[in-house]
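Heads up: the structure comes next, in structure tokens.
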Amino acid sequence: MTAADVLEVLAVLEGAGVGVWLDGGWAVDALVRKQTREHADLDVVVDLTGMEAVRHALGAMGFTVSEDELPTRLAMTDARGRSIDFHTVTFDEEGGGVQRLQSGSSYRYPPEGFAGMGEVGGRRVKCLTAEVVADCHYGYQPDDKDRHNMRVLSRCLGIELRAPYVDD
């Protein structure tokens, strides 16, 4: 997934009226305003109620559903091998986004977590804040990409790391 791919997907989704925030590795790179590694996919947070518009808009681009774990997440891929992972939320009265997890529990993205702004390919984009991106990297066994993301957040944006990232 290249920077041009990210911008194309964001433009199509925004054109379809879908609010979208970068998450994961592309959010990290957007926040530091440079690409720090190659990306196999694009992680985004969207409102669960917008998923029909997402399917329609990206379907017109050749994307099809590859994993459906709604209401938690949905993944779409295209023939070019581009992959998008949608983390779906329901917004509460305070502006927080509640993601219902497969375990039956939930994760709440705080309202201020949606205030992140970054840059991809010279274009300003909405993303989760560094604090929320970092918080989402906890609670599971990290891989090399996760460790890279957290090092970048720490070194470039001053995010304080905790286990399992403190020895990196």
[Y] reachable from [X] in the ILVMFWY side-chain graph, under 4.5 Å edges:
{"X": "Met117", "Y": "Val32", "value": "no"}
{"X": "Val132", "Y": "Val20", "value": "no"}
{"X": "Leu101", "Y": "Val98", "value": "no"}
{"X": "Leu128", "Y": "Tyr165", "value": "yes"}
{"X": "Val45", "Y": "Leu31", "value": "yes"}

Return the [atom1] to [atom2] distance between [X] and [Y], rounded to the nearest 0.5 Å.
{"X": "Asp47", "Y": "Thr90", "atom1": "CG", "atom2": "OG1", "answer": "6.5 Å"}
{"X": "Asn149", "Y": "Arg37", "atom1": "CG", "atom2": "CZ", "answer": "4.5 Å"}
{"X": "Gln99", "Y": "Ser105", "atom1": "CD", "atom2": "OG", "answer": "9.5 Å"}

Original post:
Which residues pass the salt bridge (charged side-chain N to carboxylate O under 4.0 Å, His left out) test with Asp135, sequence neighbours left out?
Top reply: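 Per chain and number, Asp135 pairs via salt bridge (charged side-chain N to carboxylate O under 4.0 Å, His left out) with Arg162.
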
Subject >> Donor-acceptor pair, side chain of Thr88 and main chain of Pro71, under 3.5 angstrom >> reply: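 Pair found, side chain donor or acceptor close to backbone of Pro71.
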
Original post:
Between Arg147 (side chain) and Pro164 (backbone), is there a donor-acceptor pair under 3.5 Å?
Top reply: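 Answer holds: yes.
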
Subject >> Sequence-distant partners of Gln102, side-chain hydrogen bond (donor to acceptor under 3.5 Å, both in side chains), two or more places apart >> reply: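 Here the qualifying residues are Thr72.
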
Original post:
Considering residues at least two apart in sequence or located in another chain, which fulfil the side-chain hydrogen bond (donor to acceptor under 3.5 Å, both in side chains) criterion with Glu94?
Top reply: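 Result, side-chain hydrogen bond (donor to acceptor under 3.5 Å, both in side chains) vs Glu94: Arg108.
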
By side chain to side chain contact (heavy atoms under 4.5 Å, CB included) - contacts of [X] (at least two apart):
{"X": "Glu112", "value": "Pro110"}
{"X": "Glu93", "value": "none"}
{"X": "Ala134", "value": "Met150, Leu153, Ile159"}
{"X": "Asp29", "value": "Trp26, Gln35, Thr36, His39"}

Taking only distance into account, with no hydrogens and no angle test, what donor-acceptor pairs under 3.5 Å do side-chain atoms of residues 1-18 form with protein atoms, sequence neighbours excluded?
{"from": "Thr2", "atom 1": "OG1", "to": "Ala4", "atom 2": "N", "distance (Å)": "3.4"}
{"from": "Thr2", "atom 1": "OG1", "to": "Asp5", "atom 2": "N", "distance (Å)": "3.1"}
{"from": "Thr2", "atom 1": "OG1", "to": "Asp5", "atom 2": "OD2", "distance (Å)": "3.0"}
{"from": "Asp5", "atom 1": "OD1", "to": "Arg80", "atom 2": "NH2", "distance (Å)": "3.2"}
{"from": "Asp5", "atom 1": "OD1", "to": "Arg82", "atom 2": "NH1", "distance (Å)": "3.2"}
{"from": "Asp5", "atom 1": "OD2", "to": "Thr2", "atom 2": "N", "distance (Å)": "3.0"}
{"from": "Glu8", "atom 1": "OE1", "to": "Arg82", "atom 2": "NH1", "distance (Å)": "2.8"}
{"from": "Glu14", "atom 1": "OE1", "to": "Arg123", "atom 2": "NH2", "distance (Å)": "2.6"}

Original post:
Do Leu22 and Val44 have side chains that get closer than 4.5 Å, going by heavy atoms?
Top reply: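 Side chain of Leu22 against side chain of Val44, heavy atoms only: contact under 4.5 Å found.
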
Tell me the closest heavy-atom pair linking [X] and [Y], and the distance in Å.
{"X": "Asp143", "Y": "Lys145", "answer": "OD1-N, 3.0 Å"}
{"X": "Ala30", "Y": "Val120", "answer": "CB-CG2, 3.8 Å"}
{"X": "Gly118", "Y": "Cys127", "answer": "N-SG, 3.7 Å"}

**OP:** Return each pair, listed once, that meets ring pair (Phe, Tyr, Trp, His ring centres under 6.0 Å) where at least one residue sits in residues 5-25; pairs must be two or more places apart or across chains.
**Re:**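 Matches after skipping sequence neighbours: Trp21-Phe91, Trp21-Phe114.
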
Original post:
Who pairs with Tyr107 by ring pair (Phe, Tyr, Trp, His ring centres under 6.0 Å), at least two apart in sequence or on another chain?
Top reply: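 With neighbours one apart ignored, the set is Tyr109.
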
Subject >> Within 6.0 angstrom of Asp144 CG, more than 12 heavy atoms from elsewhere >> reply: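 Result for CG/Asp144: open.
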
For residues 55-67, which side-chain N or O atoms pair as donor and acceptor with protein atoms under 3.5 Å away, sequence neighbours left out?
{"from": "Arg55", "atom 1": "NH2", "to": "Asp68", "atom 2": "OD2", "distance (Å)": "3.3"}
{"from": "Ser66", "atom 1": "OG", "to": "Ala75", "atom 2": "O", "distance (Å)": "3.3"}
{"from": "Glu67", "atom 1": "OE1", "to": "Arg73", "atom 2": "NH1", "distance (Å)": "3.0"}

**OP:** Walk me through it: do Leu70 and Phe86 pass the test side-chain contact (heavy atoms from CB on, under 4.5 Å)?
**Re:** CA-CA 10 Å; Leu70 290 175; Phe86 295 92; over 6 Å; no

